[in-house]
Engineer: 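This structure is in structure tokens; I'll ask about it shortly.
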Number of protein chains: 2
Amino acid sequence: MSLTDLKFSIDPNIKTPMWLQIRNELFDCLYKDILRPGQLIPNEKTLVELFNVSIGTIRKAIGALEKEGILIRKQGLGTFVCQHDDQSFLFKFFHIFFNDSDVRHIPEVELASFEMRKANKTEMKLLNIPKENDKVFHIYNKLGFQGKVHSVDKIVIATAKFPLLTKEILVNRHNTIYNLFQNKFNVFITHTSERIKATLVDKKISQMLGIEMGTPILKIERLGYTFHDEIVELRTSYVNTTEVEYIRDQYSLVGE
Amino acid sequence: MSLTDLKFSIDPNIKTPMWLQIRNELFDCLYKDILRPGQLIPNEKTLVELFNVSIGTIRKAIGALEKEGILIRKQGLGTFVCQHDDQSFLFKFFHIFFNDSDVRHIPEVELASFEMRKANKTEMKLLNIPKENDKVFHIYNKLGFQGKVHSVDKIVIATAKFPLLTKEILVNRHNTIYNLFQNKFNVFITHTSERIKATLVDKKISQMLGIEMGTPILKIERLGYTFHDEIVELRTSYVNTTEVEYIRDQYSLVGE
DNA sequence: CAGTGGTCTAGACCACCCT
DNA sequence: GGGTGGTCTAGACCACTGG
């Protein structure tokens with residue numbers, strides 16, 4: 001099914017501006033899997049005919065989706081659907097830096113454990129897990145650099161959303177886990193929400209981090225969202241901030 | 001000095017697009033204090049004559065500044081320079097929420113101490129302090145809600161940038177401290193950068209927070225920037241995350 | 001080279017806000 | 001009603017990309 005096979009009718013008489021209607025139609029195509037990450041969308045002239053509006057209106061719609069990080073325009077090439085392969089996405093959701101350094105590092109990731117479980121109450125609720133299939137994957141990753149582990153991530157995802165995920169698939173990926181979600185399971189993480197607390201490390205995590213019990217660490221609880229604000233990942237990160245820090249730059253942008 | 005008194009010449013032949021040249025000219029006016037926070041800028045038609053371009057080009061320039069959070073358009077009213085009074089700015093740089101709650105609260109702020117000191121080496125360097133005037137203000141604030149203190153902020157600013165600041169001015173403000181910076185000292189905080197660690201609270205801060213020594217807390221080191229990436233504020237926040245959390249939402253926006 | 005998006009124009013009409 | 005920004009049009013020309 002291709003975009004150009006569809007029929008769209010944009011109504012100039014309703015309150016919603018035509019460019020927003022077009023933006024929403026395109027957005028829906030992404031959700032309905034007619035457009036996929038990385039894909040080239042039809043050029044502006046084609047879209048003009050498809051939606052029967054002027055090119056300026058098309059450009060405004062595409063501009064909005066570009067601002068949202070959903071499309072990316074490349075002059076001379078075309079307009080593409082964004083994907084987690086892109087360089088800019090690599091560090092979008094990774095906020096750990098070395099102390100007093102502006103150098104980002106790609107963390108070494110080691111799978112510590114992988115198992116299937118019955119979802120608990122919180123997991124059922126947050127991940128909106130169906131009763132017929134109430135299993136979840138629990139994944140523990142160790143993150144570090146030059147052999148030194150600085151973080152442990154606990155990831156919980158529904159088997160319903162990630163069918164046939166295996167330990168091997170996880171270990172053999174050659175990119176971020178969000179790239180795997182996107183390419184193998186067609187789950188695109190659009191945004192995340194994190195809550196950070198300071199705690200004393202417990203026995204289990206201290207062993208994984210290789211530090212003494214009772215050391216202060218960051219506990220970061222992340223919700224990973226996909227389209228329509230659906231939560232698809234629960235992640236808890238435990239960070240030993242002896243040698244790394246959690247970083248955030250905040251602009252007085254309307255955005256964020 | 002008003003914007004309309006100036007003469008601008010936009011060059012259509014150079015590589016930089018005209019809309020970007022106009023954006024930069026307007027941005028410079030802000031920096032040069034010809035435009036001030038809250039001020040109404042000339043309407044689009046006037047700008048068309050001032051810059052001698054078509055209205056679409058003006059709109060593109062203003063649109064860019066709006067995206068950056070520098071201007072705000074209000075239909076039927078005009079286009080204004082953003083300021084820290086605006087509702088959206090209130091929580092832009094305040095990231096503390098109650099546990100498991102989406103409700104933001106306006107913190108109760110109590111000045112704990114205010115003094116002038118000689119700047120140390122780090123402060124000299126980061127705040128780019130001149131040798132002739134190497135004094136800084138050290139401000140300690142206690143932040144809380146319903147009488148319970150959850151954070152202590154240590155703020156360091158150069159006396160050169162904030163001349164004649166007194167304890168009274170600080171205490172009697174009726175808005176955020178960034179609003180005070182903007183209105184009394186013409187220093188507009190454009191963005192901040194934060195580095196977060198987990199530590200055990202020391203004696204001094206534990207007393208201010210009213211908790212036992214050795215409790216794990218967040219230590220957040222913030223740099224406050226103004227135009228041209230000039231650092232004007234050093235802030236260290238100590239947060240007791242027993243009842244509150246540090247929150248961050250991250251969209252796969254290009255921006256942040 | 002042909003095809004793409006990027007810039008720019010010179011209008012028209014609409015929706016909103018204040019007086 | 002008079003002024004503001006918001007939407008939309010129908011073009012023209014430029015700059016970049018790949019083959």
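Reckoned from all heavy atoms, side chains included, excluding hydrogens, waters and symmetry mates. Numbered from 1 within each chain, the chains take letters A, B, ... in sequence-line order. Everything quoted here is computed from the prediction, not taken from an experiment.
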Engineer: In whole Å, what is the span from the CG atom of B:N43 to the C1' atom of C:dC18?
Structural biologist: 15 Å

Engineer: So, does B:T57 get its side chain near the phosphate of C:dT9, meaning an N or O under 4.0 Å from OP1 or OP2?
Structural biologist: yes

Engineer: Under 4.0 Å between a side-chain N or O of B:R59 and OP1 or OP2 of D:dG6?
Structural biologist: yes

Engineer: Does A:K74 put a side-chain nitrogen or oxygen below 4.0 Å from OP1 or OP2 of D:dT17?
Structural biologist: no

Engineer: Report yes if at least one side-chain N or O of B:R73 is closer than 4.0 Å to OP1 or OP2 of D:dT4; otherwise report no.
Structural biologist: no

Engineer: How long is the span from the CD1 atom in A:I189 to the OH atom in A:Y225, to the nearest 0.5 Å?
Structural biologist: 11.0 Å

Engineer: Atom CH2 of A:W19 and atom C1' of D:dT9: how far apart are they, to the nearest Å?
Structural biologist: 17 Å

Engineer: Look at all strands and tell whether B:K45 reaches a base, only sugar-phosphate, or nothing, counting heavy atoms closer than 4.0 Å.
Structural biologist: nothing

Engineer: Which nucleotide in the set D:dA10, D:dT7, D:dG5 lies at the smallest distance from any side-chain heavy atom of A:S54?
Structural biologist: D:dA10

Engineer: Expressed as a whole number of angstroms, how long is the span from B:I55:CD1 to D:dT9:P?
Structural biologist: 17 Å

Engineer: If you assign each of A:G76 and A:P17 to its closest nucleotide in DNA chain D, which residue comes earlier from the 5' end?
Structural biologist: A:P17

Engineer: Are more than 12 heavy atoms, taken from residues, nucleotides or ligands other than A:I14, located less than 6.0 Å from that residue's CD1 atom?
Structural biologist: yes

Engineer: To the nearest Å, how far apart are B:Q75 CD and C:dC16 C1'?
Structural biologist: 5 Å

Engineer: Taking atom CG as the centre, does A:N52 end up with more than 12 heavy-atom neighbours from other residues, nucleotides or ligands that are less than 6.0 angstrom away?
Structural biologist: no

Engineer: What is the separation between atom CD1 on B:I22 and atom C1' on C:dT9, rounded to the nearest whole Å?
Structural biologist: 13 Å

Engineer: What is the separation between atom CZ on A:F80 and atom C1' on C:dG3, rounded to the nearest whole Å?
Structural biologist: 12 Å

Engineer: Ignoring backbone atoms, establish whether B:T79 has a side-chain N or O less than 4.0 Å from OP1 or OP2 of D:dG5.
Structural biologist: yes

Engineer: When you get a sec, tell me which of C:dT9, D:dT7, C:dG5 is the closest nucleotide to the side chain of B:M18?
Structural biologist: C:dT9

Engineer: Less than 6.0 Å separating the ring centroids of A:F93 and A:Y178?
Structural biologist: yes

Engineer: A:L77 CG to D:dG19 P: how many Å, rounded?
Structural biologist: 10 Å

Engineer: If you find the nucleotide of DNA chain C closest to B:Q21 and the one closest to A:K15, which residue's nucleotide is nearer the 5' end?
Structural biologist: B:Q21

Engineer: Are B:H150 and B:F145 an aromatic pair by the rule of ring centers under 6.0 Å?
Structural biologist: no

Engineer: What is the distance, to the nearest angstrom, from the CD1 atom on B:I72 to the P atom on C:dC17?
Structural biologist: 13 Å

